[in-house]
A.B. asks: 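First the structure, which I've put down as structure tokens, then a few questions once you've had a look.
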Amino acid sequence: MALEVILQGCPDVMPSTLVAEVTGYHHETVVRWCSKKKVECFCIRRTHWIPKVSLIRNAAN
């Protein structure tokens, strides 16, 4: 529930650098989540973009 409150002001799809900043995890950790398919993401110009709903689902698991 707390993550939903933190993400409330964030855009629906965020770059991995913003996800790292918001969650407090290191950027490489967020990229590892993407490569291991722990969160849904897509790459555009070498940037991982992560939907907010995917982060919330991942936090619930």
Side-chain angles (χ1 to χ4, degrees):
M1 183 70 97
L3 184 60
E4 292 176 15
V5 174
I6 292 170
L7 295 175
Q8 200 167 27
C10 294
D12 290 337
V13 180
M14 299 177 284
S16 56
T17 52
L18 179 58
V19 171
E21 183 179 320
V22 169
T23 60
Y25 286 95
H26 193 273
H27 174 257
E28 291 299 321
T29 301
V30 176
V31 171
R32 192 175 314 118
W33 293 344
C34 293
S35 66
K36 292 188 176 191
K37 310 246 188 256
K38 291 188 176 189
V39 293
E40 295 174 36
C41 72
F42 51 95
C43 294
I44 299 176
R45 296 185 183 158
R46 297 181 58 185
T47 300
H48 292 84
W49 290 84
I50 304 167
K52 187 175 5 181
V53 293
S54 179
L55 284 176
I56 294 170
R57 265 189 256 134
N58 184 45
N61 293 336

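FYI, side chains are in, hydrogens and waters are out, and symmetry mates aren't considered; it's all heavy atoms of this structure.
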A.B. asks: Quick one: closest heavy-atom pair of Cys41 and Pro51, and the distance?
C.D. replies: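 Reported closest heavy-atom pair: CA-CD, 4.5 Å.
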A.B. asks: Can you tell me how far apart CG (Asp12) and CH2 (Trp49) are? Round to the nearest 0.5 Å.
C.D. replies: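 So the gap between those two atoms works out to 12.0 Å.
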A.B. asks: Do other residues, nucleotides or ligands put more than 12 heavy atoms under 6.0 Å from the OH atom of Tyr25?
C.D. replies: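 No.
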A.B. asks: Distance from Glu28 atom CD to Ser35 atom OG, nearest 0.5 Å?
C.D. replies: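 Going from CD on Glu28 over to OG on Ser35, the span is 9.5 Å.
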A.B. asks: Rounded to the nearest 0.5 Å, what's the gap from NZ on Lys52 to CD on Glu4? Could you check?
C.D. replies: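 If I round to the nearest 0.5 Å, the distance is 10.0 Å.
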A.B. asks: When rounded to the nearest 0.5 angstrom, what distance separates CD1 in Ile6 from CG in Leu55?
C.D. replies: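 Nearest 0.5 Å value for the CD1-CG distance: 11.0 Å.
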A.B. asks: Show the nearest heavy-atom pair for residues His27 and Ser16, with the distance to one decimal.
C.D. replies: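 So the two residues come closest at NE2-OG, 3.0 Å.
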A.B. asks: Any side-chain heavy-atom pair from Ile50 and Met14 closer than 4.5 angstrom?
C.D. replies: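 When only atoms from C-beta onward are counted, Met14 and Ile50 do not touch, as no gap falls below 4.5 Å.
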A.B. asks: Hydrophobic cluster membership, with links at side-chain heavy-atom distances under 4.5 Å among I/L/V/M/F/W/Y: are Val39 and Ile56 in one?
C.D. replies: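 The answer is yes; both residues are in one hydrophobic cluster.
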A.B. asks: Val22 and Trp33: same hydrophobic cluster, using ILVMFWY side-chain contacts below 4.5 Å?
C.D. replies: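 Yes; Trp33 is reachable from Val22 via cluster members.
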A.B. asks: Side-chain heavy atoms nearer than 4.5 Å, only ILVMFWY residues, links allowed to pass through others: does that put Val19 and Leu3 together?
C.D. replies: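 In one cluster: yes.
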